[in-house]
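Please read these numbers as outputs of a predicted model, since none were measured by experiment.
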Amino acid sequence: MSAALRFDLSSIKPEEGAPAPDRLISGDPRFRTWNFEEAEGGLYAGVWESTPGKWRIVYEEWEYFHILEGYSVVTEEGGEAFHLRAGDRLVLRPGFKGTWEVVETTRKDYVIRL
């Protein structure tokens with residue numbers, strides 16, 4: 001087994017999902033997630049994609065992500081709105097609460113630590 005891992009979307013089938021009904025604000029967003037790595041200690045890495053919609057988010061984990069395509073707005077409860085397009089990066093820390101609005105289908109790669 002190699003110590004390197006290529007993010008090749010054609011190599012695995014994505015998991016499909018959607019926001020929990022009690023978190024949905026608008027639209028009918030649908031998720032696809034290609035989880036490439038699950039390492040000891042609760043570390044995950046992969047690619048996530050969502051169609052347009054808006055929902056409430058609550059982070060108990062730490063996440064770094066890089067927007068690959070699309071346009072989303074992540075807004076912290078009582079705080080700043082982050083307008084995210086291809087090339088933008090963000091870290092969301094445990095305790096972050098707010099909303100995620102996908103304006104144009106968005107794809108990101110991510111690293112999550114539980």
Side-chain angles (χ1 to χ4, degrees):
M1 179 180 198
S2 174
L5 179 64
R6 182 182 300 273
F7 276 36
D8 178 6
L9 297 184
S10 68
S11 68
I12 60 174
K13 183 176 177 163
E15 298 173 24
E16 299 195 10
D22 63 330
R23 293 196 178 195
L24 185 63
I25 296 171
S26 65
D28 185 26
R30 296 290 176 215
F31 306 154
R32 291 193 305 167
T33 304
W34 295 264
N35 198 39
F36 289 96
E37 178 78 310
E38 293 183 27
E40 287 185 35
L43 187 70
Y44 298 86
V47 174
W48 174 89
E49 179 181 83
S50 178
T51 59
K54 184 176 183 178
W55 60 95
R56 284 182 292 286
I57 55 174
V58 177
Y59 272 69
E60 296 176 10
E61 66 277 13
W62 176 96
E63 179 180 4
Y64 159 86
F65 61 84
H66 172 224
I67 301 294
L68 302 171
E69 58 188 57
Y71 172 47
S72 282
V73 181
V74 173
T75 305
E76 187 168 11
E77 190 175 85
E80 186 174 356
F82 299 94
H83 294 262
L84 304 168
R85 299 183 189 278
D88 290 334
R89 296 166 179 85
L90 197 64
V91 170
L92 297 178
R93 295 181 177 132
F96 182 94
K97 294 179 182 179
T99 59
W100 189 301
E101 180 179 12
V102 174
V103 180
E104 298 170 3
T105 296
T106 297
R107 183 176 283 191
K108 67 178 182 176
D109 59 16
Y110 62 84
V111 176
I112 294 173
R113 181 176 167 202
L114 299 180

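A single hydrophobic cluster is not seen to contain both W34 and Y110; linkage of ILVMFWY side chains at heavy-atom distances under 4.5 Å, directly or through other members, places them apart. F65 and V103 fall into different hydrophobic clusters, where Ile, Leu, Val, Met, Phe, Trp and Tyr are joined by side-chain heavy atoms under 4.5 Å apart, directly or via other members. The cluster map of Ile, Leu, Val, Met, Phe, Trp and Tyr, joined by side-chain heavy atoms under 4.5 Å apart, puts I112 and I57 in the same cluster. Cluster membership check: I12 shares its hydrophobic cluster with V47, using side-chain heavy-atom separations under 4.5 Å among Ile, Leu, Val, Met, Phe, Trp and Tyr. Two different hydrophobic clusters hold V73 and Y59 under the rule that ILVMFWY side chains link at heavy-atom gaps under 4.5 Å.
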Practice item. For the pair Y71 and V102, evaluate side-chain contact (heavy atoms from CB on, under 4.5 Å) and give the outcome as yes or no after the intermediate values. Key: CA-CA 6 Å; Y71 172 47; V102 174; over 6 Å; no
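For residues 7-30, the ring pair (Phe, Tyr, Trp, His ring centres under 6.0 Å) pairs, not counting sequence neighbours, are F7-F36.
The structure places CD1 of I25 at 9.5 Å from CH2 of W55, a figure rounded to the nearest 0.5 Å.
For the side-chain contact (heavy atoms from CB on, under 4.5 Å) with W62, the qualifying choice from L114, L43, V91 is V91, the only one to do so. With E63 as the fixed residue, the salt bridge (charged side-chain N to carboxylate O under 4.0 Å, His left out) test singles out one of R93, R113, K108: K108.
Under a 3.5 Å cut-off, the side chain of T106 and the backbone N or O of E104 do form a donor-acceptor pair. A donor-acceptor distance shorter than 3.5 angstrom exists from the side chain of T51 to the backbone of R30, with no hydrogens or angles considered. With S2 contributing its side chain and A4 its backbone, the two residues share a donor-acceptor pair below 3.5 Å.
Of all heavy-atom pairs spanning L84 and D88, the tightest one is CA-OD2, 3.4 Å. Among all heavy-atom pairs drawn from N35 and A45, the shortest one is OD1-O, 3.3 Å. The two residues A18 and P29 have their closest heavy-atom pair at CB-O, 3.6 Å. Among all heavy-atom pairs drawn from F96 and V74, the shortest one is CZ-CG1, 3.8 Å. In plain terms, the two heavy atoms of L24 and K54 that are nearest each other are CD1-O, 3.6 Å.
With respect to the salt-bridge test (charged N to carboxylate O, under 4.0 angstrom), the residues E49 and R107 qualify. Using a cut-off of 4.0 Å between Lys/Arg side-chain N and Asp/Glu carboxylate O, R32 and E16 are scored as not salt-bridged.
At a cut-off of 3.5 Å, with distance as the only test, a side-chain donor of D8 or S10 sits close to an acceptor on the other residue. At a cut-off of 3.5 Å, with distance as the only test, a side-chain donor of W100 or S72 sits close to an acceptor on the other residue. Looking only at atom types and distance, the side chain of D109 has no donor-acceptor partner in the side chain of Y64 under 3.5 Å away.
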